[in-house]
Amino acid sequence: MDHVRFQDDVRAMKDRIRGQRLAIGALTACLFVALLTVYQTLGTQRIVVSPPTVEKPFWVAGARVSNAYLEQMGGYIAWLILDVTSATIQWKKDALLSFVEPDATGTLKIRQEVEAERLKKLNASTYFLLQQLEPDEDKQSVILSGRLRTYINGQETSVTPKRYLAQFSYRGGRNHLKAFKELENDPQTIAGTDSARLR
């Protein structure tokens, strides 16, 4: 037996084992970093879901949605509540209630039923000309400013500046309307929804 050749083979085998240990160590470190990254992103990942109409990109993270999502949902909710005729208010009410939180369903349902009776009695319709959206990502709300046009028997009877506050909550993979309130048309209320006086 060639002792020198045997020693060379043993040395080569040790070198190979050392290389494999280094590779396994590097793979273990990579796996640890990957697991740490996954752990840190749990609960903060952004899930993309679609509002009724998609006009621009948005994100959803945990229990919050982006300003773009609030703007799109706010505009859609305003259309369901404020752009109504005696012929459309019933199906728009049903569509609206599918987005409303259980606690707010009764209030909004009664409001829209009263409005439906008023529209039928006067043969009236209303249209909201949206001019400005002021989303608040922290409070998950949006202020909608514009002009509410009222028609009776096809004749325009008023154009009134109006401001509304739409408040949302996001849970269960879905955005819910918590409240939709008219704000007093006071420029000082633009600073924030906390100081806004609600009618």
Side-chain angles (χ1 to χ4, degrees), residues 37-85 88-109 111-112 115 125-149 159-199:
T37 303
V38 168
Y39 177 76
Q40 288 179 337
T41 58
L42 283 176
T44 60
Q45 74 269 20
R46 292 182 175 179
I47 303 166
V48 176
V49 294
S50 297
T53 57
V54 179
E55 296 169 3
K56 51 180 142 175
F58 57 85
W59 56 259
V60 176
R64 292 177 44 166
V65 296
S66 68
N67 282 340
Y69 190 99
L70 291 169
E71 289 175 357
Q72 293 176 71
M73 282 301 296
Y76 181 67
I77 294 298
W79 177 74
L80 288 176
I81 294 175
L82 303 172
D83 286 9
V84 288
T85 67
T88 63
I89 192 166
Q90 185 59 45
W91 72 263
K92 283 192 172 185
K93 179 192 78 173
D94 294 339
L96 171 69
L97 293 178
S98 69
F99 288 98
V100 177
E101 268 193 348
D103 293 344
T105 300
T107 304
L108 280 167
K109 182 177 180 182
R111 171 190 173 152
Q112 292 308 95
E115 182 67 5
S125 57
T126 61
Y127 300 94
F128 186 62
L129 304 174
L130 183 60
Q131 295 173 319
Q132 185 177 6
L133 289 161
E134 302 168 56
D136 187 331
E137 201 173 284
D138 293 330
K139 295 173 186 158
Q140 292 293 282
S141 64
V142 59
I143 295 177
L144 305 100
S145 303
R147 297 185 179 279
L148 187 67
R149 304 178 79 154
V159 180
T160 312
K162 296 279 186 180
R163 299 177 71 243
Y164 298 92
L165 172 66
Q167 295 176 310
F168 296 95
S169 66
Y170 182 81
R171 67 173 184 267
R174 179 150 193 211
N175 210 24
H176 298 271
L177 179 67
K178 285 172 64 176
F180 188 86
K181 303 174 183 179
E182 183 179 344
L183 299 173
E184 285 189 20
N185 204 13
D186 182 349
Q188 292 178 347
T189 63
I190 295 176
T193 58
D194 284 343
S195 61
R197 296 188 300 253
L198 299 177
R199 281 187 189 166

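- In this structure, L130 and W79 have side chains that are not in contact, with every pair of non-hydrogen atoms separated by 4.5 Å or more.
- Among residues two or more places apart in sequence or in another chain, the side-chain contact (heavy atoms from CB on, under 4.5 Å) test is passed with S98 by R174.
- Rounding to the nearest 0.5 angstrom, the gap separating the CH2 atom in W91 from the CG atom in L80 is 7.0 Å.
- Between T105 and V100, the closest heavy-atom pair is N-CG1, 3.6 Å.
- Side chains of L144 and I77 form no contact here, defined as non-hydrogen atoms less than 4.5 Å apart.
- Here Q72 contributes atom CD and L133 contributes atom CG; the two are 10.0 Å apart, rounded to the nearest 0.5 Å.
- Contact of the F99 side chain with the Y76 side chain is registered, since non-hydrogen atoms from C-beta on lie closer than 4.5 Å.
- Among residues two or more places apart in sequence or in another chain, the side-chain hydrogen bond (donor to acceptor under 3.5 Å, both in side chains) test is passed with E101 by S169, R171.
- One distance of note links CD1 of I89 with OG1 of T126; it measures 7.0 Å at 0.5 Å rounding.
- L70 and P135 get closest at one heavy-atom pair: CB-CB, 4.2 Å.
- Of the inter-residue distances, the one linking Y69 atom OH with Q140 atom CD reads 10.0 Å to the nearest 0.5 angstrom.
- Between Y127 and L82, every side-chain heavy-atom pair lies at or beyond the 4.5 Å cut-off.
- Contacts of K93 classified as salt bridge (Lys or Arg N to Asp or Glu O under 4.0 Å), with partners at least two apart in sequence or in another chain: E113.
- Annotation: ring-ring contact (aromatic ring centres under 6.0 Å, His included) contacts of Y164 (sequence neighbours excluded): F128, F180.
- With sequence neighbours left out, the side-chain contact (heavy atoms from CB on, under 4.5 Å) criterion links S145 to Q132, E134, I143, R163.
- At distances below 3.5 Å, not a single donor-acceptor pair connects side-chain atoms of Q112 with backbone N or O atoms of K109.
- Residues satisfying the side-chain hydrogen bond (donor to acceptor under 3.5 Å, both in side chains) criterion with E115, sequence neighbours excluded, are R118.
- Here A179 pairs with Q167, K181 under the side-chain contact (heavy atoms from CB on, under 4.5 Å) rule; sequence neighbours left out.
- Taking NZ of K162 as the reference point, atom CZ of R149 lies at 15.0 Å (rounded to 0.5 Å).
- For T88, the side-chain hydrogen bond (donor to acceptor under 3.5 Å, both in side chains) partners are T85, not counting sequence neighbours.
- Two residues are said to be in side-chain contact when any heavy atoms from C-beta on lie closer than 4.5 Å; R111 and I81 meet this criterion.
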